[in-house]
Amino acid sequence: MAVNFPHSTSQPLLEVKDLCVSIPSYGRSVALIEHISFTLREREILGLVGESGSGKSVTATAIMGLLDTPGLKITGSVRFRGQELVGLSARKMRAIRGRDIAMIFQDPMTAFTPVYTVGWQIDEQIMAHERLSRKQARERTVQLLAEMGVPDPTRTANRYPHQLSGGLRQRAVIAMALSCNPTLLIADEPTTALDVTVQAQILELISTLRDTHGSSVLLITHDMGVVAETCDSVMVLYSGRIAETGLAEALFAHPRHPYTTALLNSIPPFYGERPHRLPAIAGTPPAPHERPAGCAFSPRCHDAQTICSTIPPLSPAGNGQQAACFFSTSGQQEH
Amino acid sequence: MTTDLQTPASPAPSVSLWRQAARTLLADKGSMTALAVLCIIVLACLLAPLYAHYVAHTDAFASNVAGSIVLNGHEVDIMQPNDNPLHLGLSPIGPTGHTAYLLGADSQGRDIAARLLYGGRNSLMISACAAVLCLFLSTLVGVTAGYFGGITDSILSRLMDIMWAVPVYLFAISLSIITVRHGLQIGPFTIEADNLLIPIIIIALVYVPYAARPVRGRVMVLRQAEFVTAARCLGVPQWRVLLFDILPNVLITLVVLGPLLMALSLLAESALSFLSLGVQAPAASWGTMIQDGEGLIYSRPVVAIAPGLAIVFVVLALNILGDGLRDALDIRNATRRSR
Amino acid sequence: MLSAFLRRVGQTLIVLFGISVLVFLVFFATPGADPTARIAGRNASPQTMEKVRHEYGFDRPLPFQYATMMKKLFITRDLTSYANRGEQVVPEIIQAAPVTLSLVCGSAVIWLIVSVAMGTLAAAMKGSWVDRTLIMLGLVGISMPVFWLGQVANLISLSRYHDTWLFSWVPGPGYVPLTQNPLAWFKALVIPWCVLAVMFIGIYSRILRADLVALAQEDFMRTARAKGLSPARILVFHGLRTSAITYVSLFGLDFAQLLGGGALLTEVVFGLPGVGRLTYQALTNLDLPLIMATVMYSATFVVLANAVVDILYILLDPRVRDGR
Amino acid sequence: MLRCLTFAARMNFLRASTLAVIAQTLSVSVVILSPAVAMAQNDSQTPPLPHSGGTLRMVAQSSGGTLDPQISYMALTRQFETPVYDTLLAYPKFAGARAVPVIASLAENVPQPEDDGLTYRITLRKGIRFSNGHELNTEDVAASFRRIFKAGSPTAGPYYSHLKGAKECLADPAHCTLKEGITTDPASRTVTFHLDTPDPEFLPRLAWSHSAILPADTPASDTGNTAPPGTGPYRITGYDPTRFLRMERNPYFHEWAHDAQPAGYPDIIEATFGLDQESELTAVENGQFDWMYESIPLDRLGEAGDHFAGQVQIYSQLLYYYAALNTTLPPFDNLKARQALNYAVNRHAMVIYHGGPAVATPICQLIPSGAPGFDSSCAYTKGASPEHPAAEWKAPDLEKARQLVRESGTAGQKITIVAPLDGRYGAMATELRNTLAQLGYDASVRSMTQAVQFSYIQNSDNRVQIALTGWQADYPSASSFLQTLYSCTTIHPHSDNSLNVSAYCNPDIDALMDQSAMLALKDYDASNASWARADRALMAQAPSVPLVQIRRVTLLAKRVHNAIATLNDDLLLSQLQIK
């Protein structure tokens with residue numbers, strides 16, 4: 001069921017297959033994500049889209065091996081450069097984390113430990129993976145900060161997180177993530193907490209990374225606008241399942257899943273106030289333990305039919321797209 | 001000692017929150033064991049007169065140094081003379097293993113087992129009442145300070161500072177020393193010095209800063225909360241906001257604080273009684289029993305150890321229950337669970 | 001900065017003044033607190049009583065008496081006890097302070113080390129049997145009345161098992177100054193240290209564990225993990241270092257309360273002539289000058305500790321540093 | 001004028017008396033030395049006694065406050081100051097029944113009352129020097145008596161107000177001269193005391209510690225933590241009320257009368273303060289200290305008796321515990337209620353609370369055994385009545401007591417016992433409460449520290465119904481048990497110093513007591529017999545409930561010998577020998 005993106009020529013960097021994460025709750029197992037499969041090639045930017053609670057972050061953290069809630073069960077396969085990450089020993093995983101795969105988190109406000117300077121924290125990551133002296137590490141830190149467009153990087157490195165503006169802080173976060181030249185960067189809603197102008201700068205920065213650092217990016221967002229601007233390909237998640245995948249242009253042109261359609265309708269205007277949620281879709285996505293049988297989107301779907309009470313398989317919908325909707329091929333979308 | 005109760009505000013807790021908390025609590029083995037232990041101890045203490053009368057055949061409050069009992073057909077003095085050339089000193093009878101003087105006698109020839117049960121009544125009653133009274137006062141102070149803010153808050157906070165600046169036990173001891181002589185006069189009412197209300201009031205009072213702080217914090221958060229602002233904007237009168245929006249939320253804090261405060265009160269009561277400043281004779285409490293046993297610690301340690309263990313068990317059970325309640329009612333957890 | 005400092009000093013003085021007035025009024029109004037008879041001696045004639053009353057100024061108005069007492073306490077520092085003729089209270093406190101300081105410092109070291117170890121270990125092994133055992137141990141520690149634990153410790157170390165190798169070194173209750181004999185000082189205090197520390201170990205290991213567990217949910221802890229740091233490094237450098245802010249502030253206040261006399265039950269049980277016992281004796285004897293002196297001493301410590309904690313806050317938390 | 005018996009441990013008694021004889025012979029040789037020689041060789045002032053030398057280390061729970069010998073009223077301080085200060089007369093410093101009455105100390109003679117007891121004339125001994133080297137003269141004596149008033153000695157009023165001019169001194173201490181009260185003749189070294197009214201106890205009062213003779217230049221105010229120079233074999237060289245007291249030999253001392261002020265054995269006497277009784281006992285058992293001042297804690301009496309019997313010291317004191325019944329407040333304004341409680345109290349239980357018959361004996365009269373005027377009698381025991389007292393207490397009579405309560409109609413009233421917080425009082429108070437409850441009263445106990453309680457119960461404003469307390473006479477005398485505690489003159493309403501806690505006033509009995517006292521000036525035995533009658537008359541009115549008379553039980557270290565305890569001075573520190 002792997003999704004292949006026809007235009008990608010390079011070999012797959014990350015191969016996720018049938019990834020499922022479930023958690024026990026009141027005696028039964030509740031799936032947080034189910035059967036997530038995708039491939040990410042080198043220098044590719046993949047957008048992972050969905051509302052809050054759709055499983056984007058779970059997918060990302062599962063890849064990073066950062067899920068450690070007691071009782072949590074992860075099945076499936078995550079291959080990074082051919083190496084299986086699911087079930088990898090903690091020590092080996094640590095060596096990959098931060099060096100080969102780095103992650104940028106949603107809120108730059110809280111991403112840094114408040115009691116250390118930004119520089120110290122970037123140095124820490126460098127020194128955790130490379131045999132460098134503190135001085136050498138700091139040199140690299142300052143250089144990275146400069147590359148990220150941080151003014152007066154030497155001074156900034158000596159400042160505490162709370163002393164920096166949101167944008168600067170997110171640049172520092174990205175600098176930290178890139179400090180060991182990771183081949184895969186997972187960015188979890190990197191711009192949500194920033195104001196619009198800074199948002200654009202950060203997105204610009206991320207999209208140039210593949211050229212400057214040769215990194216692939218897994219960009220997690222709920223904002224279709226961001227995807228449109230930045231990503232090569234898109235994967236839409238809904239309630240822990242893949243709703244639709246495809247190349248960005250194709251998907252934006254012809255969404256095959258009613259959810260994707262709804263999302264596209266809700267792209268906020270570039271100027272003006274950014275809505276906090278996606279108000280265009282009535283209702284809220286179901287919590288994992290309240291997920292309805294069958295298509296999870298059916299309760300909110302205008303076109304839901306009786307057939308929707310069974311889970312729709314992810315099936316090709318033309319133009320390299322795949323969608324998990326019984327009606328995806330019959331073109332029942334309004335657009 | 002802090003409790004982590006300054007959780008983000010949420011709308012007035014619904015019935016389901018309480019129900020869910022109860023369900024969580026019921027599923028918690030530790031809390032249930034603690035509750036069972038507590039119930040057994042409370043029940044046993046309530047049955048003290050029956051034990052004293054029908055099992056031990058003793059008057060737990062009458063000194064009996066000159067008396068004797070029949071053990072295995074022999075008459076045995078309750079105060080046993082020492083067998084040394086100078087005929088110095090007498091020791092109370094040790095644990096007999098019989099129904100009479102099961103745990104032996106104290107320095108006044110009284111049945112320790114029976115006194116343990118009677119003492120428990122007072123200890124438990126005082127600590128429970130003190131906890132409730134303290135919560136009441138703290139709510140009053142905390143809600144007033146937190147809700148009205150400004151000068152009211154400043155004054156109340158400074159007052160709490162003053163109370164806080166004196167170590168808790170020293171504060172309680174000072175109050176006790178004053179009241180133990182002449183009782184307490186509140187308006188037209190006089191409380192006699194040997195009234196159990198006095199330790200209750202004192203203990204409740206000294207822990208007010210301890211409990212008022214989280215209440216105040218919570219109210220201050222609630223006051224800023226959207227649903228309260230909304231209610232105020234709708235022109236709901238202040239007392240209604242306080243009564244129906246703030247108080248139910250504060251109630252969670254109070255319920256969680258309850259057992260912890262009772263545990264603290266029990267310890268404070270025992271400390272005061274140990275210093276002869278709490279429960280006054282003839283009434284007994286576990287603290288006064290430890291005090292009785294202090295002089296016998298080397299020859300008859302059971303006199304002091306038995307009530308001490310009783311305190312440890314109850315306080316432990318209360319602490320476990322408090323932890324269970326906090327986990328069950330933690331609003332952060334509740335919200336996280338439903339997100 | 002200066003104005004904040006001055007405001008702080010002002011607040012402190014107000015609190016101290018409030019306490020002193022309160023204590024003065026309360027204990028002067030207490031029946032049986034009139035020290036004249038005790039100073040004059042038993043069976044003293046009314047004339048002698050009158051002489052004493054005048055000599056000590058008990059016939060003057062209360063504000064005057066208050067002012068005199070404060071002057072004698074803080075300026076001339078020759079305030080004398082009412083219960084023990086000729087006994088100066090300031091030197092008495094100065095003498096008692098090292099005892100309390102020895103007790104509390106030693107105990108604090110123990111509770112600091114053990115509670116950090118226990119709390120960290122429990123948080124690191126959250127959910128395991130080790131965690132549950134440590135939580136339970138902490139709870140038991142909190143649940144024991146300290147005076148009772150002290151008695152039991154005395155019973156075990158001085159009576160029941162005194163003849164075994166384990167406790168034969170334990171000296172009888174009492175205090176030996178550090179300057180006189182360091183080893184004897186240590187021997188005399190090690191059991192009181194442990195007994196006093198037990199409750200605080202319980203409290204602080206629980207607080208620390210809860211704090212660390214809560215911190216584990218924080219974004220920056222996730223960042224730290226995403227950086228590929230070892231769990232130990234994350235726990236110590238990111239978790240503990242951040243928790244230290246809360247821990248230290250609580251620690252400071254408890255430490256100050258103990259220094260100010262909060263350890264009185266331990267001092268009473270172990271026969272240590274410290275400030276707490278002195279305060280207790282003063283209170284039971286209704287010895288107003290000594291009560292006043294010890295309460296002021298204690299309050300000063302607590303207020304000072306508040307200030308120190310604030311400074312520590314600034315040192316430990318850069319956010320607060322800039323907030324001022 | 002009090003005769004007392006000292007029940008020192010039997011084994012020590014013989015040794016003590018033989019040693020006293022040896023010491024006496026030795027002292028003769030010292031006296032023969034001329035003062036000049038004695039002064040020149042300060043070190044040789046140390047009497048060459050066998051077993052002398054060493055440091056005696058004693059331990060006490062807390063110090064006794066001020067060291068001013070004319071002000072301090074603490075037993076512990078007296079203990080230290082007995083070998084430091086001297087009075088004109090003194091009770092003999094040996095154990096046993098002969099240690100009464102007073103003998104000459106700084107005075108050469110015991111004065112005979114002249115002018116029907118209005119004048120007493122003494123001659124000072126020669127060559128006695130204070131520890132500062134100053135030689136004792138008549139002016140020191142006069143100044144010391146003035147200082148009693150100027151410094152505000154607690155007993156200035158009760159003990160020395162018979163002196164001429166004493167009233168003025170009491171009213172205006174600053175300008176006290178006692179010009180007419182005391183006249184001196186430095187040339188003949190005589191001091192004459194002139195009294196307003198005869199004081200039958202004037203001689204014992206010259207032996208009372210507050211009339212210690214100090215240098216004339218001693219400041220006329222409480223000397224507090226510094227001890228003025230004295231004439232005894234030791235001087236106090238270091239004192240910190242919270243930590244220690246140190247005494248060294250007085251280089252100027254030489255023994256002038258062994259029985260009055262014997263030379264000391266230890267070179268240094270050191271006291272450590274701050275240990276509680278339990279720790280004191282442990283420390284003495286382990287040999288860390290030589291003597292514990294406090295009594296052995298009750299629960300460890302058995303242990304001491306078992307393992308340290310040879311080191312235990314048991315000695316009698318004129319100390320007994322009693323419950324004072326306030327005769328002005330219900331229910332004890334009713335004679336029957338007072339008698340009922342006297343019948344009902346189980347004094348055997350009280351004995352047990354104090355460690356058994358070896359330590360305590362029941363008492364149901366107001367003059368304790370050993371004091372002058374003691375005539376064993378018990379009106380309130382099974383089968384006895386005030387009209388037909390038994391010789392001693394046998395058993396409580398609850399039935400009679402209940403009947404008396406019924407007759408009094410006081411049953412059901414609320415009674416609060418005010419008791420000291422400390423130690424054994426608690427048990428006694430509970431027992432009393434129990435007895436009251438058995439009699440049908442609603443009784444409860446209120447406890448406070450002894451220091452506070454003692455003045456609290458005296459003040460009529462506090463409306464104390466029944467107070468548990470103890471009484472020890474300053475010196476062996478019947479009057480200090482009867483007149484001090486039960487005469488109309490010792491009632492001071494609204495005052496904290498009103499030793500008649502019972503507030504009992506009966507002019508007839510007062511007259512009988514006065515008469516008994518005055519008889520002593522002429523006929524000692526007749527006086528004692530009269531005191532015994534007064535005792536029985538008072539007891540018939542039951543103003544209080546005497547409970548137990550106790551003996552002191554302390555522990556000495558193994559290396560310490562020659563413990564001599566006198567009825568008046570407790571254990572003599574200076575006579576302890578260290579081997």
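Numbered from 1 within each chain, the chains take letters A, B, ... in sequence-line order.
- When heavy atoms are compared at a cutoff of 4.5 Å, L316(C) approaches chain A solely by way of its backbone atoms N, CA, C and O.
- Chain C forms the most heavy-atom pairs under 4.5 Å with one residue out of P114(A), P182(A), A128(A), and that residue is P114(A).
- For R222(C) (side chain) and L66(A) (main-chain N/O), no donor-acceptor pair under 3.5 Å exists by modelled atom type.
- Atom CZ of R155(A) is surrounded by 12 or fewer heavy atoms from other residues, nucleotides or ligands within 6.0 Å.
- H238(C) contributes no side-chain N or O that, together with a main-chain N or O of T113(A), makes up a donor-acceptor pair within less than 3.5 Å.
- For a residue to count as touching a neighbouring chain, one of its non-hydrogen atoms must lie under 4.5 Å from one of that chain's; by this rule A102(A) does not touch chain C.
- Only the backbone of L67(A) comes within contact range of chain C, with heavy atoms under 4.5 Å apart.
- Residue Y160(A) holds its OH atom at 9.5 Å from CG of D317(C), rounded to the nearest 0.5 Å.
- Taking every heavy atom of both residues into account, R94(A) and L229(C) meet most closely at CD-O, 3.0 Å.
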Quick one: do Q121(A) and F220(C) satisfy side chain to side chain contact (heavy atoms under 4.5 Å, CB included)? Show the steps, please.
CA-CA 11 Å; Q121(A) 299 191 49; F220(C) 64 79; 5.8 Å; no
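- Minimum heavy-atom separation, R97(A) to A226(C): CG-O, 3.5 Å.
- Your options are H129(A), M103(A), Q125(A), and the one with the most heavy-atom pairs under 4.5 Å with chain C is Q125(A).
- Looking only at distances, no side-chain donor or acceptor of K227(C) sits under 3.5 Å from a matching main-chain atom of M176(A).
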